Amino acid sequence: MELQKNVIMQGDCIDILSRLPDKSVDLVFADPPYNLQLGGGLTRPDQSVVDGVDDDWDKFDSFDAYDLFCHQWLEECRRVLKDDGAIWVIGSYHNIFRVGAILQDQGFWIQNDVIWLKSNPMPNFKGTRFQNAHETLIWAGKSEQSKCTFNYDALKVFNDDKQMRSDWLIPLCTGGERLKDEDGKKAHPTQKPESLLQRVLLATTNPGDTVLDPFSGTGTTAAAAKRLGRNFIGIERDEAYVRLSRARLKAIEPIEGAVLETEKSKKSLPRVPFGALLESGWLKPGDRLFSPQRRYQARIRVDGSLTTGTVSGSIHRLGAHVQQAPACNGWTYWHFEDPKRNLAPIDLLRRRYREEMGLN
């Protein structure tokens, strides 16, 4: 089968997956059946019935049957992933540990597990267990050698310049986002919030990437992908869910243009040697550089090394030496002096050099 993008395909996930081309998608997000093993209906203290997950698609005859199913769909997902591709799987305590073991058996390499903390979880009505207030997501590369996309700097900006942690506080899907059926009831019992999928895609894909969801449900992954400028492929066997997904997607206007771009990782930027700033005239031999509070100063030599008069070395090595530290990022430690005698890190000159040379 030729790869079709930006479609919701109706049918059995394993059958459709088996017909997709090898190494054709960048990311898989899977929200498989949880195999909840519910023993009877659930009621609230007032005896009203809780609309839980009791659909046939979540029922398996045994753990062995569920494990076989997971082996089959995960094997196909791994085949269609590009070599540097990755997969996310979400689940509850009922299934995530089984799925995690099978992921490793299939050759996937686990990068992280992420805890989705629900700010508005459903109560434990019987009072016999802890209130279940989270679900677990596993992020894994196709193999140990996979160079998975991880937009660290974009996430850090998103999180007020702090590293993004592996516990995400996001509310359940409620209100206007919750899709309803013809009777006004929730269409899908486990519809995920679009904000959860947007964070996943922001973290581990780039615009133009192709995202596959083998259990598409009401199309949340596809909706987030379309909004963020990613291609999507959804697979769903339930005709009603497919119909709702397609209607949902028609109403979404994708984000376009410059606002779709995210903060780039400094590691991904082209390398600029310090000597290039001398060759291009941004700095000159003999210029003085200063530590942030002017405690130390050094002069630039013709070969791009720095000297304090008694000790010399690269911007990194001399920065580490004066601080008596094991290492130093010389680009942020050493500062140049502008005409008004204000100090600025030489990394600013490196950025200007990249812009001038078209290297960004």
Side-chain angles (χ1 to χ4, degrees), residues 5 25-32 74 77-78 80-91 96 99-100 103 108-119 134-173 177 191-217 219-234 252 254-256 258-269:
K5 297 180 181 179
V25 303
D26 299 284
L27 189 81
V28 173
F29 183 89
D31 185 5
L74 280 168
C77 284
R78 190 166 188 271
V80 302
L81 273 174
K82 297 176 183 179
D83 289 338
D84 288 331
I87 186 171
W88 287 80
V89 183
I90 186 171
I96 197 62
V99 174
L103 275 168
F108 290 96
W109 189 258
I110 294 178
Q111 304 282 344
N112 272 111
D113 68 330
V114 171
I115 301 301
W116 168 29
L117 294 171
K118 303 172 184 179
S119 60
H134 77 277
E135 292 185 32
T136 301
L137 298 93
I138 297 174
W139 170 42
K142 180 175 181 177
S143 71
E144 185 177 359
Q145 290 73 41
S146 297
K147 297 177 181 177
C148 303
T149 297
F150 182 54
N151 298 317
Y152 171 85
D153 291 271
L155 290 171
K156 192 173 181 181
V157 170
F158 182 89
N159 199 39
D160 290 337
D161 285 331
K162 295 179 181 178
Q163 284 189 331
M164 181 65 74
R165 291 163 43 126
S166 61
D167 51 342
W168 298 355
L169 183 64
I170 296 173
L172 287 167
C173 180
E177 185 184 351
Q191 182 183 337
K192 299 302 184 289
E194 198 171 318
S195 55
L196 178 68
L197 270 298
Q198 286 180 355
R199 191 175 300 188
V200 166
L201 298 186
L202 179 66
T204 54
T205 64
N206 294 309
D209 282 356
T210 299
V211 181
L212 167 68
D213 187 337
F215 308 98
S216 185
T220 302
T221 302
K226 182 177 180 180
R227 206 178 299 280
L228 294 177
R230 277 70 169 163
N231 297 302
F232 62 85
I233 302 168
I252 292 176
I255 299 168
E256 296 178 345
V259 294
L260 192 60
E261 297 299 321
T262 58
E263 192 74 9
K264 294 180 180 179
S265 167
K266 295 179 177 61
K267 294 180 181 179
S268 68
L269 294 173

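Quick note: numbers below take in every heavy atom, side chains included, and nothing from hydrogens, waters or symmetry partners. This structure is a prediction, so every number in the text was calculated from the model and none was measured.
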Worksheet item: Does atom CH2 of Trp109 have more than 12 heavy-atom neighbours, drawn from other residues, nucleotides or ligands, at distances under 6.0 Å?
Response: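 No.
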Quick check for you: to the nearest 0.5 Å, what is the distance between [X] atom [atom1] and [Y] atom [atom2]?
X: Lys192; Y: Leu197; atom1: NZ; atom2: CG; result: 9.0 Å
X: Leu103; Y: Ile87; atom1: CG; atom2: CD1; result: 6.0 Å
X: Lys162; Y: Lys156; atom1: NZ; atom2: NZ; result: 11.5 Å

Check: [Y] and [X] side chains under 4.5 Å, non-hydrogen atoms:
X: Leu196; Y: Ile90; answer: yes
X: Asp26; Y: Thr149; answer: no
X: Leu202; Y: Asn151; answer: no
X: Asp31; Y: Phe29; answer: yes
X: Val25; Y: Val211; answer: no
X: Val200; Y: Leu137; answer: yes

Please answer whether the main-chain N or O of [Y] pairs with a side-chain N or O of [X] as donor and acceptor at a distance below 3.5 Å.
X: Asn159; Y: Asp161; result: no
X: Trp116; Y: Ile170; result: yes
X: Glu177; Y: Glu194; result: yes
X: Lys142; Y: Leu81; result: yes

I need the minimum non-hydrogen distance between [X] and [Y], along with the two atoms involved.
X: Pro214; Y: Val28; result: CD-CG1, 3.9 Å
X: Asn231; Y: Gly208; result: ND2-O, 3.1 Å
X: Glu135; Y: Lys118; result: OE2-NZ, 2.8 Å
X: Ala86; Y: Cys148; result: CB-SG, 4.0 Å
X: Gln111; Y: Gly141; result: CG-N, 3.9 Å

Worksheet item: Does Ile252 have any side-chain contact (heavy atoms from CB on, under 4.5 Å) partners at least two apart in sequence or in another chain, and if so, which?
Response: Ala223, Lys226, Arg227, Leu249
Worksheet entry | side-chain contact (heavy atoms from CB on, under 4.5 Å) partners of Ala203, counting only residues at least two apart |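 Result, side-chain contact (heavy atoms from CB on, under 4.5 Å) vs Ala203: Leu155.
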Not counting sequence neighbours, which residues clear side chain to side chain donor-acceptor pair (under 3.5 Å) with [X]? List them please.
X: Asn206; value: none
X: Ser146; value: Ser143
X: Thr204; value: Trp88

Discussion item. Check Lys147 with Asp84, please: is the shortest side-chain N to carboxylate O separation under 4.0 Å?
Written reply: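 Salt bridge flag = no for Lys147 with Asp84.
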Discussion item. Regarding Arg165 and Asp167, does a basic nitrogen lie under 4.0 Å from an acidic carboxylate oxygen?
Written reply: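 So Arg165 pairs with Asp167 through a salt bridge.
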Discussion item. Considering only residues two or more places apart or on different chains, which pairs with a residue in residues 144-166 satisfy ring pair (Phe, Tyr, Trp, His ring centres under 6.0 Å)?
Written reply: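 Qualifying pairs, neighbours excluded: Trp139-Phe150.
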Practice prompt. Applying side chain to side chain donor-acceptor pair (under 3.5 Å) between Arg230 and each of Asp209, Thr205, Thr210, Thr221, report the one that passes.
Written response: Thr205
Practice prompt. Just do the side-chain contact (heavy atoms from CB on, under 4.5 Å) check on Val89 and Phe108 with the steps written out, would you?
Written response: CA-CA 12 Å; Val89 183; Phe108 290 96; over 6 Å; no
